[in-house]
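All remarks here apply to the structure that follows.
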Amino acid sequence: MAAPRVVPPSEMSSRLTFLFAVAAGAAIGNLYWAQPLLGFIAGELRATTATAGWLVTATQLGYAVGVLLLVPLGDVVDRRRFVPVMLLMSAAALLLCALAPSIGLLLLALGVLGVTTISGQVLTPLAGDLADDARRGRVVGAVGSGTLTGILASRTISGFVAGAAGWRTIFALAAVVAVLLAVLLYRAIPPLAPRTRMSYPALIASVGAVVMRERAARWTLVLAAIGFAVFSLFWTALTFLLSGPPFRYPVPVIGLFGLAGLAGALAVQHAGRLHDRGWSLPATGAAWVLALGAFVGAAFAGRSVVLVVIVIIMIDIALQGQALLNRARLFALSHEARSRLNTALGTGNFIGAAIGSATATALWSAGGWTAVTIAGAALCCCALTVWTLGRRGPLVIRVAVPGRTPGTSPNRAESARDARSAPEPHPR
């Protein structure tokens, strides 16, 4: 059997980029189908609302396990086969969700779904591998915009489909989509030789080793975790705000507010271009200034739906933009360990999101929307402090160039020129 060929980094066409974005969005959307349907599910399966609330938690915990234990395999296996296999496994879990006769089995199925729906976390670093140096940030940004669209659109789609055909239908349809994407991706992804070879225990252990070796990775992971904490803090509290006085919106209407956040999907693509031009660190600082301004505006948005929409757009542009810049800088650190760096990023983001959500719940009980906006502004100031201290030192990437020892440069355009002048890597 012939070994997979080593593909030069020039095969990430616009068509393949779009397919990756759709697949990443569909995968991440699986985590959120149940979120707006908890009342429907609790009523049909005769469960309490509190018990139904664990459905989202089970999916997220499963996802954290999948990111930690499966995503690193992207560095040591042929991803042309790995991604479709994971999609088919998630399709099976989705079908089990659609057929679950009890709340217990649905909890189990959603946990399995979380573990298996990690395709987007593998596709993103794969897109970085297939893209050339001059377009890597733009391509990763496009795939990231697909992920954001999946997060924001899944809640709205789920609510409409469940209202028309029942909550089980959305899981059945998602299973069909996963199978179709598995077939399309198997045909579209070129065979790739593994970036490295090591045993599975060594692979998992090396995730921490890669982070400890790269100071820029550690500082970037801190910024990323703060970003997801702020994002989760805001969106969790926003649900409380819109469902209570003076708005009192029903769940389907609250879901529509997520569509305002689609502006962040466009911001992610533009952030990728800024990275390609060498403006990653200045743009990150600007994004955090915008986020701070959004929380100042949010403090006055408690009774204005127009101001709420404006704040949503500002928050998503700022936080999704800086998230893409963080990811692009991490991918520039190592050619061989992108999946493991993505594992560290995903794990840190999950921890940050969990902290943000829990903080929002506690602060809402203690001081309502005002307490939440103060906490959000404080976290933005914390991130700006990290950025200020690190922008001329710890946050500067060590450029990974095939064929020589990495150097140090904050400028992505310079690293692209260095990479183009470096010798071609030999097949492994």
Side-chain angles (χ1 to χ4, degrees), residues 22-71 83-123 146-147 149-185 239 251-252 255 258 346 350 353-354 357:
V22 171
I28 199 71
N30 289 335
L31 300 176
Y32 298 98
W33 297 130
Q35 194 170 58
L37 307 179
L38 299 180
F40 292 101
I41 295 172
E44 181 173 327
L45 298 182
R46 298 180 180 178
T48 64
T49 303
T51 302
W54 282 97
L55 296 174
V56 176
T57 303
T59 314
Q60 292 177 333
L61 290 176
Y63 185 68
V65 172
V67 168
L68 182 61
L69 300 183
L70 296 180
V71 170
V83 172
V85 166
M86 296 312 301
L87 281 168
L88 292 175
M89 292 179 67
S90 65
L94 285 162
L95 187 59
L96 182 58
C97 291
L99 299 175
S102 67
I103 194 71
L105 282 177
L106 184 57
L107 278 167
L108 176 62
L110 285 171
V112 174
L113 176 61
V115 172
T116 58
T117 191
I118 47 87
S119 305
Q121 295 292 338
V122 179
L123 287 170
T147 301
T149 302
I151 293 173
L152 296 173
S154 58
R155 299 180 179 95
T156 303
I157 294 172
S158 181
F160 280 115
V161 172
W167 66 267
R168 297 180 186 273
T169 305
I170 188 62
F171 290 104
L173 291 175
V176 173
V177 170
V179 172
L180 290 175
L181 288 172
V183 174
L184 291 174
L185 286 168
T239 301
V251 171
F350 171 82
S357 180

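Keep in mind that what you see is a predicted model, and the values were worked out from it rather than measured.
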Legend entry - Heavy-atom pair with the smallest gap, counting every atom of A175 and L95: CB-N, 4.2 Å
Inset, instruction - Identify the heavy atoms of A27 and S119 that sit nearest to each other, and give their distance. - result: CB-CB, 4.2 Å
Inset, instruction - For T116 and L113, indicate whether the former's side chain and the latter's backbone hold a donor-acceptor pair under 3.5 Å. - result: yes
Legend entry - Heavy-atom pair of closest approach, residues L181 and A23: CD1-CA, 3.8 Å
Legend entry - Partner of Y63 under side chain to side chain contact (heavy atoms under 4.5 Å, CB included), chosen from I28, L68, N30: I28
Inset, instruction - State whether the side chain of R46 and the backbone N or O of I103 hold a donor-acceptor pair below 3.5 Å, judged by distance alone. - result: no
Legend entry - Separation between CD1 of I157 and CD1 of I170, rounded to the nearest 0.5 Å: 6.5 Å
Legend entry - Euclidean distance, L87 CG relative to T117 OG1, rounded to 0.5 Å: 7.5 Å
Inset, instruction - Please report the closest heavy-atom contact between M86 and L70, naming both atoms and the distance. - result: CE-CD1, 3.6 Å
Inset, instruction - Would you give the length of the straight line joining atom SG of C97 to atom CG of L107, rounded to the nearest 0.5 angstrom? - result: 10.0 Å
Inset, instruction - Look up atom CG in L106 and atom CZ in F171, then write down how far apart they are to the nearest 0.5 Å. - result: 6.0 Å
Inset, instruction - With side-chain contact (heavy atoms from CB on, under 4.5 Å) as the test, would you mind laying out the steps for L185 and L123 before giving the verdict? - result: CA-CA 10 Å; L185 286 168; L123 287 170; 4.3 Å; yes
Inset, instruction - Give the minimum heavy-atom separation between V67 and Q121, together with the two atoms involved. - result: CG2-CG, 4.2 Å
Legend entry - Pairwise distance CH2(W33) to CG(L110) - rounded to 0.5 angstrom: 13.0 Å
Inset, instruction - Identify the heavy atoms of P101 and L45 that sit nearest to each other, and give their distance. - result: O-CD2, 3.8 Å
